[in-house]
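Naming: A, B, ... by sequence-line order, numbering from 1 per chain. As a basis for the values below, the full set of heavy atoms in this structure was taken, side chains included, without hydrogen atoms, waters or symmetry mates.
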There are 2 protein chains.
Amino acid sequence: MLEPHDFQKNALLGLLPEDELGRLMPHFEEVTLTLGQSLCESGQHMHHVYFPLDSIVSLLCVMENGASTESAVVGYEGVVGVSLFMGGETTPSRAIVQSAGKALRLKGQLLKNEFYRAGPMQRLLLRYTQALLTQMAQTAVCNRHHNLDQQLCRWLLLSLDRLQGNELIMTQELIANMLGVRREGGTEAAGKLQRAGLIAYHRGHIHVLDRQGLEERVCECYSVVKDEYDRLLNHHNVM
Amino acid sequence: MLEPHDFQKNALLGLLPEDELGRLMPHFEEVTLTLGQSLCESGQHMHHVYFPLDSIVSLLCVMENGASTESAVVGYEGVVGVSLFMGGETTPSRAIVQSAGKALRLKGQLLKNEFYRAGPMQRLLLRYTQALLTQMAQTAVCNRHHNLDQQLCRWLLLSLDRLQGNELIMTQELIANMLGVRREGGTEAAGKLQRAGLIAYHRGHIHVLDRQGLEERVCECYSVVKDEYDRLLNHHNVM
DNA sequence: AACGTTATGTGCGGTAGCGTACAGAGATTA
DNA sequence: TAATCTCTGTACGCTACCGCACATAACGTT
């Protein structure tokens, strides 16, 4: 049986009043997400929604030719499966585990029932979805206007914010896929950051050595997204 | 006083059951939107939501240096101001009228009241918001992977779908701003389409001569977005 | 220890779009 | 009619990233 403090590890669930959460608590189960696992295939029905704890999930747009790009990232601050309560049931995006870890999952129907009570859970999920909208819009503009170096910084910082440590288990090939560029492009950008002493990587492990250095190089897109999440999902504003 | 058939010109309102719409009908007012008019500034509170009839509105991400890119487009199939009912009240995006025309507007508080009844209007608005999510995600991937020619085709087709005629009042400079490229880049791409006989333009007026030709050149992003709108906002699915 | 696999480094030609500069032609105003 | 403004066309060097090819090195397996 899960303890109340387990739920605090997900920021959304942590914002819920106790009695609201109490109603759903018995129905949650903790699952372990493994790197590369798919939580949602394009156009397929999901059976659960996932509230990441220390795992990170990427929402990917996959194209006909197989190329893909991350449109948003979801960690402890969010939930995977907004299409369930938004009413569409499916989405053209894929959801892939980008960093292994734990998540709490709930049967889709149970979340929908709770959502349609039109109470705190609904308010919370809608505010979160708006944050997701912002992240996607900003990703679109970033893909257009900023160079790979800056985008890599943005990606690292967004990931770092969703991890407890400062190490990412991630090959340059995977990062490049997320950013929608060649593996070689990712290698070159990562090499620059390593030579600048901001990160150190080795065969699929990336250590962030100088977070502030990354923040100095990153484009504004990072803070636009972060500030909007903070505003929308701040305890004072939401309840 | 507006007649019931006025509301049918907006696809969202047209999907509402008569009694639901009837409750709100007296509170709508018809407004004329002019080219370039701003309906929503970044971070500012909106007082109304707008349901376009024959006008088109672009949602833009504006950056510090003034450069901007369209993240989504809204016409008769949608509504401008989702942040009101999503709970965030404001958004970092701007909403700019891209094609002059009429819209129905409603005081924000009235729409919120209706939304919180958790009835058909809520279901409809949430499904629409999910469609918007898809459009933004697809814009992000399109900006990354497809060249300007294809993106221009996508943009023209998305606009055309939201107009009754086949003429756009739009300078190449404005199109370039929407796509987030240089004016010269837009000129060159438009020139290719004109030489191919697909469009004819002259000082701010673009005539689409061969819609099918555009559809043959456009990237898949167009149909991904269109199909998802059709699915989510289809009469059979939504009510 | 030998081998295959995986992760990373590098080089090279190609190209799409950028920044800049300038020109011309239609529209508007004086 | 002249002057001005707006919209569009074109050219040129530059840069970032692509596509491809290949090299190197670390790790795991047997």
Using residues 171-183 of chain A as the side-chain source, report each donor-acceptor pair under 3.5 Å to any protein atom, sequence neighbours left out, with the distance given to one decimal.
residue	atom	partner	partner atom	Å
A:Thr171	OG1	A:Leu174	N	3.2
A:Gln172	OE1	A:Thr187	OG1	2.7
A:Arg183	NH1	A:Thr187	OG1	3.1

Donor-acceptor list for residues 53-65 of chain A side chains, cut-off 3.5 Å, not counting sequence neighbours:
residue	atom	partner	partner atom	Å
A:Asp54	OD1	A:Lys102	N	2.6
A:Ser55	OG	A:Lys102	O	2.8
A:Ser58	OG	A:Glu70	OE1	2.6
A:Ser58	OG	A:Gln98	NE2	2.6
A:Asn65	OD1	A:Ala67	N	2.8

Pairs under 3.5 angstrom only: tabulate donor-acceptor contacts from the side chains of residues 199-206 of chain B to other protein residues two or more places apart or in another chain.
residue	atom	partner	partner atom	Å
B:His205	ND1	B:Glu167	OE2	2.5

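Terminal axes of the helix from C:dA1-D:dT30 to C:dA30-D:dT1 (five pairs each, C1' rotation axis) are separated by 30°, to the nearest 10°.
DNA chain D lies under 4.0 Å from at least one heavy atom of each of the following residues of residues 146-157 of chain A: A:Asn147, A:Leu148. Scanning residues 178-197 of chain B for heavy-atom distances under 4.0 Å to DNA chain D yields B:Arg183, B:Glu184, B:Thr187. Within a heavy-atom distance below 4.0 Å of DNA chain D, no residue of residues 55-68 of chain A is found.
The CD atom of A:Glu173 sits 9 Å away from the P atom of C:dT8 (whole-angstrom rounding). Per the geometry, CD1 belonging to A:Ile175 stands 12 Å off C1' belonging to C:dA7, to the nearest Å. The distance between atom CZ of B:Arg203 and atom C1' of C:dG24, rounded to the nearest whole Å, is 11 Å.
B:Arg154 and B:Gln138 are not linked by any side-chain donor-acceptor pair at a separation below 3.5 angstrom, with hydrogens and angles left out of the test.
For B:Gln8, there are no side-chain hydrogen bond (donor to acceptor under 3.5 Å, both in side chains) partners at least two apart in sequence or on another chain. In this structure, A:His146 has no side-chain hydrogen bond (donor to acceptor under 3.5 Å, both in side chains) partners at least two apart in sequence or on a different chain.
First and last contacts of DNA chain D with chain B, using any nucleotide atom under 4.0 Å from a protein heavy atom and ordered 5' to 3', fall at D:dT6 to D:dT10.
Residues in residues 35-78 of chain B take part in these ring-ring contact (aromatic ring centres under 6.0 Å, His included) pairs, two or more places apart or across chains: B:Phe28-B:Phe51. Residue pairs meeting the salt bridge (charged side-chain N to carboxylate O under 4.0 Å, His left out) criterion with at least one partner in residues 205-220 of chain A, sequence neighbours excluded, are A:Asp161-A:Arg211, A:Arg211-A:Glu215.
Proximity of A:Gln172 to the phosphate of C:dT6: no side-chain N or O atom is located under 4.0 Å from OP1 or OP2. For C:dG9, one of the phosphate oxygens OP1 or OP2 lies less than 4.0 angstrom from a side-chain nitrogen or oxygen of A:Tyr201.
A:Arg231 has no carboxylate O lying under 4.0 Å from a charged side-chain N of A:Asp227, or vice versa, which leaves the two without a salt bridge.
Here the CE atom belonging to B:Met136 is positioned 12.5 Å from the CD atom belonging to A:Gln135, to the nearest 0.5 angstrom.
B:Arg162 places a side-chain N or O within 3.5 Å of a backbone atom of B:Leu158 that can act as its donor or acceptor partner. Side chain of A:Asp6 to backbone of A:Lys9: no donor-acceptor contact under 3.5 angstrom is found. A donor-acceptor pair under 3.5 Å is formed between the side chain of A:Gln130 and the backbone N or O of B:Gly88. Here the side chain of A:Asn10 pairs a donor or acceptor atom with the backbone of A:Pro52 at under 3.5 angstrom.
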Evaluation steps, side-chain contact (heavy atoms from CB on, under 4.5 Å), between B:Val218 and B:Gln150: CA-CA 5 Å; B:Val218 74; B:Gln150 292 187 300; 5.8 Å; no
